[in-house]
Amino acid sequence: MPKPVLLTVDDDPDVLRAVERDLRSRYADRYRILRASSGPEAMQTLQQLHSRNEAVALMLADQRMPDIDGVGFLAQATELFPAAKRALLTAYADTNAAIDAINEAKVHYFLMKPWDPPEENLYPALDDLLNDWADSYHPPYEGIRLLGTRWSSHAYDLRNFLARNHVPYQWVDVELNAADSATLALLKNSKGEEDQLPLIIFPDSTRLCDPSPAAIAQKIGLRTHSDVDFYDLAIIGGGPAGLAAAVYGASEGLKTVMVEREAPGGQAGLSSRIENYLGFPSGLSGQDLARRAVVQATRFGVEILAPQEAVGLRIEGPYRIIELADGSRISCHALLLATGVQWRSLGVPGEDRVRGAGVYYGGGLTEAISCKGEIVYVVGGANSAGQAAVHFANYAEKVVMLVRRESLAATMSQYLIDQIKKIPNIEVWPGTEIAEMHGHDHLEGISVRCAQTGSLDRYPAHSLFIYIGALPKTDWLGDFVERDERGFILSGPDLLRDGKRPQGWTADRDPNLLETSVPGVFVVGDVRHGSVKRVASGVGEGAVAVQLIHQYLAKVS
Ligand SMILES: Cc1cc2nc3c(=O)[nH]c(=O)nc-3n(C[C@H](O)[C@H](O)[C@H](O)COP(=O)(O)OP(=O)(O)OC[C@H]3O[C@@H](n4cnc5c(N)ncnc54)[C@H](O)[C@@H]3O)c2cc1C
């Protein structure tokens, strides 16, 4: 963090030099001394300091300047640095103007020229002002700032991306802060023009307008390219199953790479509190689980490429070649598919218009704070919906759960049902479903149908979170890997039909447990046909798969 600034402004070069010299000799060890020879030049300096998020402790301006007088300059400068102390340098004849300035323009002090000796006529007053400033000074936020509007789906994606990759950042809602001069100044680039939103500003003042996650990843040093192009084991998907396999694989000596499209943690990373994972009696958040697993995997030497997406697969003899979204590729002997599932949308009229702008799928935890004091609607009756309702109840005035069935009992764990019953600001509306979403560029209302009566009621709504189940996205595997009609990947005994091995199977043995229709390509977690959709089962499968991969690698030539 650079030192706070003392800025002095005077059009008389001799006076300017003298003030600067005296300020330096007493304050240079704690403050950066800057000077300007006119009000406009000083304003330009202040704009730059502001855009770099630097602190200004004191502005000392001469009253008589040609472009703008000292009082006028200090009044303008206050807009940018309201907490900075303001002092006016005056000649004897200006005493009345100075007194008026203290009263009207909130100038903190006026100093008479000449100020010699400074030990008597300058430093005592400035020491006082600076001590005062230091007492109430809170260092400005130094990290990444993301500016945007609540209803922008791109801004929402970026917030999610940063949060899920554990990158600390400050969110600035430019609509909520539209009257704040500091926010307005941040929006302007060095040419004084307004930047396009969402805008991300890094601590070194670099600005990215409307950036892709990949551009941010590059800037903050997330790794999206591999160091080498051949691995013993490549894992696609960084949810609990992929992370577990990565930890076991690398700790047992396999050269391992993991490719993750969004952020390590997968769906589990969206969970506000996982209460049924062994060894954590008071539960832990999915983000916390993901962060710990990433540290563990990295410690064992796993290369994690994120954000990076696998988009194609080729098989060349014993080599499995994965094509990545940026056109690069990696090869391996054993490939593990751990790509999980993606959340489904409702498919009701109006949904496409408001997706990501008030309507969120399977997550939205970063939105919780924006929902303060609002009514939040949660759709779904399974554990994920229940957890979300409990989480949002901490922020929202009321949470309404829209559940298609008549009761939660068949779809939700009893501990969650009991928890929900005890929270006074959660209402469960059984036998209801959303028929339509209203709003042009963001959600403004929903129409809710009652299953029993068929009646349709419209409610104002700004926040709707949907948890209605998920499907795998496995088209990128082409015809190589056999899947069921819904896209889940078949493995082991599920591949044998009437005792016959799958078409194109090249090995002289049956597919192993967790092995797909291609020898050496394994599958674990939610994407596997017949899997138990739980964190613990994904982690268990990840560990088991590594044992089977060792057996496979022992024979591969
Ligand atoms: C809100 C919520 C709460 C939950 N709560 C619990 C709970 O309390 N207890 C419990 O046991 N389970 C819970 N679950 C379920 C649990 O999270 C999942 O069963 C588990 O995460 C599945 O792990 P996975 O590794 O198989 O897949 P996922 O977690 O789905 O991870 C798959 C990963 O693969 C990535 N990916 C997909 N395609 C590609 C590609 N082509 N290239 C690169 N990467 C790709 C995805 O981005 C994703 O990160 C919850 C789920 C949700 C959504």
Side-chain angles (χ1 to χ4, degrees), residues 160-161 164-165 213 224 234-246 257-278 280 283-287 289-290 293-294 304-313 322-326 330 335-344 360-365 378 380 382-392 412-413 415-416 419 465-478 481 487-489 514 523-528 531-543 545:
N160 242 344
F161 170 77
R164 296 193 56 205
N165 279 289
T224 56
I235 300 165
I236 313 300
L243 280 164
V257 64
M258 193 180 81
V259 179
E260 166 52 50
R261 189 178 49 199
E262 291 167 20
Q267 293 169 69
L270 304 173
S271 171
S272 52
R273 190 135 290 265
I274 299 168
E275 306 227 25
N276 54 3
Y277 190 56
L278 188 71
F280 294 88
L284 86 168
S285 77
Q287 290 269 359
L289 180 69
V294 168
I304 300 178
L305 311 186
Q308 182 61 270
E309 184 173 4
V311 293
L313 172 65
I322 303 110
E323 281 154 15
L324 302 177
D326 65 353
I330 46 179
L335 172 63
L336 182 68
L337 303 170
T339 50
V341 288
Q342 271 90 64
W343 286 81
R344 283 194 325 188
Y360 309 99
Y361 301 85
L365 299 185
V378 172
N383 279 4
S384 48
Q387 283 178 4
V390 170
H391 180 68
F392 290 130
M412 194 179 288
S413 303
Y415 79 89
L416 259 180
Q419 226 173 329
F465 297 89
I466 297 168
Y467 301 82
I468 56 156
L471 283 174
K473 201 169 155 229
T474 45
D475 317 349
W476 66 275
L477 293 166
V481 178
F488 289 96
I489 297 172
L514 305 180
V523 59
V524 288
D526 282 14
V527 71
R528 189 177 66 76
S531 63
V532 178
K533 310 275 182 294
R534 288 272 185 276
V535 174
S537 51
V539 168
E541 287 184 16

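Starting from 1, each residue takes its place in the sequence as its number. Indexing begins at 1, ligand by ligand and atom by atom, following the structure's order.
Residues V390 and R273 form no side-chain contact, since every pair of their non-hydrogen atoms from C-beta on lies 4.5 Å or further apart. Between L289 and L243 the shortest side-chain heavy-atom distance does not fall below 4.5 Å. The shortest side-chain heavy-atom distance between S384 and W343 falls under the 4.5 Å cut-off. By the 4.5 Å heavy-atom criterion applied to side chains, Y467 and N383 are not counted as neighbours. When side chains are defined from C-beta on, L337 counts as touching L477, because their heavy atoms get closer than 4.5 Å.
In this structure, atom 29 (O) of ligand 1 lies nearest to the protein heavy atom Q267 N, 2.8 Å. Summary of contacts: the protein heavy atom closest to atom 43 (C) of ligand 1 is R261 N, 3.3 Å. Here the protein heavy atom with the shortest distance to atom 15 (C) of ligand 1 is K533 O, 4.1 Å. The protein heavy-atom contact nearest to atom 26 (O) of ligand 1 is D526 N, 2.8 Å. In this structure, atom 47 (O) of ligand 1 lies nearest to the protein heavy atom E260 OE2, 2.7 Å. Shortest contact from atom 16 (C) of ligand 1 to any protein heavy atom: V535 CG2, 3.8 Å. Of the protein's non-hydrogen atoms, the one nearest atom 42 (N) of ligand 1 is A310 N, 3.0 Å. Nearest protein neighbour of atom 34 (O) of ligand 1, counting heavy atoms only, is G237 CA, 3.2 Å.
Ligand 1 has no N or O atom lying under 3.5 Å from any N or O atom of Q308, backbone or side chain. The distance criterion of under 3.5 Å between nitrogen or oxygen atoms is not met by G362 with respect to ligand 1. Of the N or O atoms in S384, none lie within a sub-3.5 Å distance of an N or O in ligand 1. Considering backbone and side-chain N/O of Y467, none are found under 3.5 Å from N/O of ligand 1. In terms of N/O distances under 3.5 Å, ligand 1 is approached by R534. Looking at N276 next to ligand 1, an N or O pair under 3.5 Å apart turns up. Every N/O-N/O distance between V524 and ligand 1 stays at or above 3.5 Å.
The parts of P240 lying near ligand 1 are both backbone and side chain, judged by heavy-atom distances below 4.0 Å. With a heavy-atom cut-off of 4.0 Å, V311 does not touch ligand 1 at all. Contact annotation: for Q387 versus ligand 1, heavy atoms closer than 4.0 Å belong to the side chain alone.
Short contacts between ligand 1 and W476, defined as distances under 4.0 Å to a heavy atom of the residue, involve ligand atoms 41 (N). Numbered from 1 in the order shown, with element, the atoms of ligand 1 that lie under 4.0 Å from a heavy atom of A241 read 25 (O), 26 (O). Taking a cut-off of under 4.0 Å to the non-hydrogen atoms of I236, the atoms of ligand 1 that pass are 40 (C), 42 (N), 43 (C).
Ligand 1 has G525 within reach: a non-hydrogen atom of the residue lies less than 4.0 Å from it. Contact analysis leaves N383 out of contact with ligand 1, as no non-hydrogen atom separation drops below 4.0 angstrom. Residue contacts with ligand 1 do not include Y277, since none of its heavy atoms lies under 4.0 Å from the ligand.
In this structure, atom 50 (C) of ligand 1 has no protein heavy-atom contact shorter than 4.0 Å. The presence of a protein heavy atom under 4.0 Å from atom 19 (O) of ligand 1 is confirmed.
Here the side chain of E541 pairs a donor or acceptor atom with the backbone of G525 at under 3.5 angstrom.
Legend: residues meeting side chain to side chain contact (heavy atoms under 4.5 Å, CB included) with A263, ordered by chain and number and at least two apart, are R164, N165.
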